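Quick caveat, the model's predicted, so the values are computed rather than measured. Keep in mind that the numbers below use all heavy atoms, side chains included, and drop hydrogens, waters and symmetry copies. In what follows, every chain begins at residue 1, and chains take the letters A, B, ... in the order their sequences are listed.
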Amino acid sequence: MLDTIIYVLNIAIPLAFLVPFALFAVYFERKVSAFMQDRLGPNRVGPRGYFQTIADILKLLQKEDITPAEVDKPLYNVAPILVFMGSYAAFAAIPFTSIYIGSNIDLGILYIVAVSSFVVAAILMAGWASNNKYTLLGAMRSAAQMISYEIPTVIVIISMIIIAGTMNLFTLSELQTSSIYNWMIFGGPDMGWKKFALLPLSVIGFMIMYISTLAEVNRTPFDIPEAESELVSGYHTEYSGIKFAMFFLAEYANMFAVSIVVVSIFFGGYQSPFGYLGNTLGLSWFVPAEQFFWFTVKGIFFVFVQMWLRWTLPRLRVDQLMTMCWKYLIPISLVNLVVIALIMVL
Amino acid sequence: MKEYFKNIYLALYTIAVGMKITFRHLFIPAVTIQYPEEKVVLPERVRNRLYVNMDDCIGCDQCARACPVDCITIETVKALPTEDLGKTSQGKKKALWVTQFDIDFAKCCYCQLCVFPCPTECIKMTDIYEFADIRRSNLIYNFSTLTNEESEEKKANLARFEAEKAAAKATPPPKAE
């Protein structure tokens, strides 16, 4: 009985974090995009428009749940749940603080890569079941893109695993503790010539991983699966109401998930860039709160960079997208992997 | 091979330039004008809803004839010789009761052609532009200052006067000689 309660709590904690985060992120994205275009953004619902997304979600919940007549009903109905499930499952292996991790498994990163590629299947399911040419095109593009960009992501992850020697995100975060230059982006926690040799390679690895994760979550400039000007809104064209909200929630959960994976691998996860106030004051219970703060701040920063890129770069063409992946990211990451491996062997 | 590295360099460089620009725009104040609360200052000679100053109108019908879309309807009744309608602000004598002066803003094209011929400058363009309505009939503005009863009375007065005059004409007055 107690076990069941713990399981349920374990499942519920990331959700309790994610839903408010998604509400905030939608508001944040609209504000960021507005400010970047010299507009004001939502400012009518509540002070400065803080309650805009709450009003939006209430509207979406009230809407009629439309199931078009010609759709493949079971697949159509299950797809939004699976999309969200795929992105939500990734949070199981992500350490939120030093005291909370959904499941402290040793294959953490591998598990995350595996479950997040499950999203591809769910998106393809949504696109196919909708019985609409735009959704199908969007879903196919999405599948092609996500499968291609999984390769450089995984290669970079492998090279970072070679440096760190662990796939467990909790251990990986603990390795990068105490100060900013222990972060993997600065060559990892070991001092010596290896650290300085690894530093530029880590930076290259970070850039490749950031670009390819951007493509995996279908954000601009890689948003051809949802290209509004060509495909209406891609694979979720036919969805409305609560199911559309599920896709939206999944998209923002995914954005945060990939950001936090990048943070965990390169930027010390939940670790503070300098010491902890709780340690200085002798308040040990305050440390996890600080860690949670840094976790959120780092995650939101990279989500912000995703938004920043979205309002900077135009959308890639399909051939440019594939060129970028197969001709640039994969060769560079492979060379990067080999060089890192050589340095670590020496 | 040189091309390859040049491409990578260009991509990174141009992305950095673009991101710098968008980041700078984060701190540039918005250009939005929050319409119902703030309004744009209109140019001096804007053409919006017409206004007719009935104190000055002499009922000459020139505006109605100038109107290319016939949105102005004017009906006048001659004043009796005994009645004094006063003068316009420019000193012109008024000789007609303007019993009806309607402008249909659903038709009006805001060309300002009615404004120029007006001898007393009583019809003019204002800067009021928020008068949208859900019924076309509500867009017909009545400028006449006379009530319907008054109009009827004026018409009756004139008819009576004409009748009396006609009667007087039919029976010529006895010669003084």
Should we count CZ of Arg136(B) as having more than 12 external heavy atoms under 6.0 Å? no

Taking every non-hydrogen atom, the tightest pair across Thr312(A) and Gly18(B): CG2-C, 3.2 Å

Between Glu37(B) and Arg44(A), does at least one N-O distance fall below 4.0 Å, as a salt bridge requires? yes

How about Tyr4(B) and Tyr328(A): are their ring centroids closer than 6.0 Å? yes

Should the heavy atoms of other residues, nucleotides or ligands under 6.0 Å from OH of Tyr13(B) be counted, would the total exceed 12? no

Would the distance check show the side chain of Trp308(A) and the main-chain N or O of Met19(B) forming a donor-acceptor pair, the cut-off being under 3.5 Å? yes

For Leu313(A), which atoms come within 4.5 Å of any heavy atom of chain B: side chain, backbone, both, or neither? side chain

If you count the non-hydrogen atoms of other residues, nucleotides and ligands that lie under 6.0 Å from NZ in Lys155(B), is the total more than 12? yes

Among Ile28(B), Ile21(B), Thr22(B), find the residue that satisfies the side-chain contact (heavy atoms from CB on, under 4.5 Å) test when tested with Met36(A). Thr22(B)

Here the pair of heavy atoms bringing Leu26(B) nearest to Val32(A) is CD2-O, 4.2 Å

Glu121(B), CD: over 12 other non-hydrogen atoms inside 6.0 angstrom: no

Minimal non-hydrogen separation, Ala30(B) against Leu40(A), with atom names: CB-CD2, 3.6 Å

Could you tell me whether Lys124(B) atom NZ has more than 12 heavy atoms of other residues or ligands within 6.0 Å of it? yes

Taking atom CZ of Arg65(B) as the centre, does the number of heavy atoms from other residues, nucleotides or ligands within less than 6.0 Å exceed 12? yes

If I measure from the heavy atoms of chain B, does Pro314(A) come under 4.5 Å with its side chain, its backbone, both, or neither? neither

Let me know if Phe27(B) has heavy atoms under 4.5 Å from chain A in its side chain, its backbone, both or neither. neither

Roughly how far apart are Met207(A) CE and Ile15(B) CD1, rounded to 0.5 Å? 8.0 Å

